[in-house]
Amino acid sequence: MILTADFFARPTLKVAPDLLGATLFVQTDAGRCSGRIVEVEAYLGAEDPASHAFGGPTPRSAVMFGPPGRTYVYFIYGMHHCLNFVTEPEGTAGAVLIRGIEPLEGMDLMRARRGKFLDKDLCNGPGKLCQALGIDRKCSGLTLGHGPDGGIWVLDRAEKPDIEASRRIGIRKGEELPYRFSIS
DNA sequence: TGGATGATCGCA
DNA sequence: GCGATCATCCAG
């Protein structure tokens, strides 16, 4: 089943581990890529100091306060993009950062976008997978689903994998919280 | 281990 | 406006 708003309209800390093992699809004019989600991080709302939603909405973070089941893509460090899915009911902020996938379809396209890197380094990081999948800020605020022109969507997993929780990566505040989830 | 590289946001 | 900060990646 393709995951819809109902799946994402739940607490972020429940949605994040439930995404592990699901399959992410990105279809553009260049073709279709897909991969198995193996690493995610949960970012909560106005009370999470590491979240872009901390302290309330800003122009950048507004989409996190909007309807669930949409994409939130931001530009970071002057050169990278990161892909998130908006969670929680409308009016409450939350998002799940996709940190790693295992490539399934479209590996030639991913290699072409990523350049001269080993296959194991194609999608094992939030910036890398956005580059491999051709995702940038134009892809932010999209509703997850397969439209006539392609799009971004997620196919639910068949079975629940073994999951481990750990600390989030690359943050300065809230780093003690075990909001990173990966397949063990 | 540090340099690249620019959007974002709080404060003035 | 200004500048500190940043949910990263890669070469050396």
Side-chain angles (χ1 to χ4, degrees), chain A residues 8 10-20 22 24 26 33 35-66 68-88 92-103 107 109-142 144 152 154 163-183:
Chain A
F8 296 96
R10 297 183 294 143
T12 309
L13 289 175
K14 294 191 180 301
V15 174
D18 284 353
L19 282 169
L20 293 174
L24 169 65
V26 178
C33 296
R36 178 176 180 244
I37 298 172
V38 296
E39 182 182 349
V40 300
E41 283 177 357
Y43 286 89
L44 310 188
E47 73 286 358
D48 179 358
S51 173
H52 290 169
F54 182 61
T58 65
R60 178 175 66 162
S61 67
V63 65
M64 285 182 69
F65 290 83
R70 290 185 179 178
T71 58
Y72 168 46
V73 179
Y74 62 86
F75 187 59
I76 192 72
Y77 298 122
M79 44 175 63
H80 298 294
H81 297 274
C82 291
L83 171 66
N84 302 253
F85 300 144
V86 174
T87 58
E88 308 275 351
T92 302
V96 177
L97 169 67
I98 309 301
R99 288 194 58 88
I101 67 173
E102 290 175 357
M107 288 188 66
L109 184 52
M110 294 186 193
R111 291 189 191 100
R113 286 169 171 152
R114 286 277 296 132
K116 56 173 179 66
F117 294 104
L118 299 175
D119 282 355
K120 74 177 194 52
D121 292 325
L122 280 183
C123 294
N124 60 340
K128 297 179 193 178
L129 70 89
C130 280
Q131 185 182 19
L133 297 173
I135 289 173
D136 60 25
R137 275 176 302 169
K138 293 195 298 294
C139 304
S140 193
L142 302 179
L144 290 173
I152 302 174
V154 182
I163 294 168
E164 66 182 15
S166 53
R167 294 178 170 194
R168 294 177 292 187
I169 305 287
I171 57 174
R172 306 279 306 258
K173 301 171 205 161
E175 74 281 357
E176 72 284 359
L177 301 170
Y179 290 174
R180 173 178 176 229
F181 303 96
S182 53
I183 294 179

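What you are looking at is a predicted structure, and each value in this text was computed from that prediction instead of being measured. For the numbers below, each heavy atom of this structure counts, side chains included, while hydrogens, waters and symmetry mates do not.
Comparing A:E41 and A:D121 against DNA chain C, the residue whose closest nucleotide sits nearer the 5' end is A:E41.
In this structure A:E41 satisfies the side chain to side chain donor-acceptor pair (under 3.5 Å) test together with A:Y43, sequence neighbours excluded. Taking the side chain to side chain donor-acceptor pair (under 3.5 Å) definition, one finds that A:T12 meets it with A:T87, A:E88, sequence neighbours left out. Listed by chain and number, the residues in a side chain to side chain donor-acceptor pair (under 3.5 Å) with A:R180 are A:E39, A:S166 (sequence neighbours excluded). Partners of A:S182 by side chain to side chain donor-acceptor pair (under 3.5 Å), not counting sequence neighbours: none found.
Distance A:L118 CG to C:dC9 P: 16 Å, rounded to the nearest Å. For the pair A:K120 NZ and C:dC10 P, the interatomic distance rounds to 10 Å; values are reported in whole Å. In this structure, A:I135 atom CD1 and C:dT8 atom P are separated by 16 Å, rounded to whole Å. Per the geometry, CD belonging to A:Q131 stands 11 Å off C1' belonging to C:dC10, to the nearest Å. The interatomic distance linking A:Y74 (OH) with C:dT5 (C1') rounds to 14 Å, in whole Å.
Residues A:L133 and A:V26 share a closest heavy-atom pair of O-CG1, 3.6 Å. The minimum heavy-atom distance linking A:L13 with A:L44 is given by the pair CG-CD2, 4.1 Å. Of all heavy-atom pairs between A:I163 and A:P17, the closest is CD1-O, 3.5 Å. Considering all non-hydrogen atoms of both residues, A:P126 and A:L97 come closest at CB-CD1, 4.2 Å. Scanning both residues, A:I76 and A:C82, for their nearest heavy atoms gives CG2-SG, 4.1 Å. The two atoms that bring A:S51 and A:M64 nearest to each other are OG-CE, 3.5 Å, heavy atoms only.
Sequence neighbours left out, the pairs with a member in residues 109-119 of chain A that pass salt bridge (charged side-chain N to carboxylate O under 4.0 Å, His left out) are A:D108-A:R111, A:R111-A:D119. Residue pairs that meet the salt bridge (charged side-chain N to carboxylate O under 4.0 Å, His left out) test with at least one member in residues 126-139 of chain A, sequence neighbours left out, are A:D136-A:K138. Among residues at least two apart or in separate chains, salt bridge (charged side-chain N to carboxylate O under 4.0 Å, His left out) pairs with a member in residues 46-64 of chain A are A:D48-A:R168.
Backbone-only engagement by A:F117 is indicated by non-hydrogen atom pairs under 4.0 Å involving sugar-phosphate atoms exclusively.
For DNA chain C, if you chain together Watson-Crick or G-U pairs that step i with j, i+1 with j-1 and so on, the runs of at least three with distances under 3.5 Å are B:1-4 with C:8-11, B:6-11 with C:1-6.
For DNA chain C, the residues of residues 75-88 of chain A within the heavy-atom distance limit of 4.0 Å (strictly under) are A:I76, A:Y77, A:H80, A:C82, A:N84, sorted by number. Contacts between residues 171-183 of chain A and DNA chain B, defined by a heavy-atom separation below 4.0 Å, involve no residue at all. Residues from residues 50-60 of chain A lying near DNA chain B, meaning a heavy-atom separation below 4.0 Å, are A:T58, A:P59, A:R60 in numerical order.
Put simply, the side chain of A:S61 never gets that close to the backbone of A:A53: no donor and acceptor are under 3.5 Å apart. Between the side chain of A:T71 and the backbone N or O of A:F85 there is no donor-acceptor pair closer than 3.5 Å.
Classification of the A:H81-A:F75 ring pair by plane angle, with boundaries at 30° and 60°, yields tilted.
Bounding nucleotides for the chain A contact on DNA chain B, 5' to 3', at a heavy-atom distance below 4.0 Å, are B:dA4 to B:dC9.
The side chain of A:R114 places no N or O atom within less than 4.0 Å of a non-bridging phosphate oxygen (OP1 or OP2) of C:dC9.
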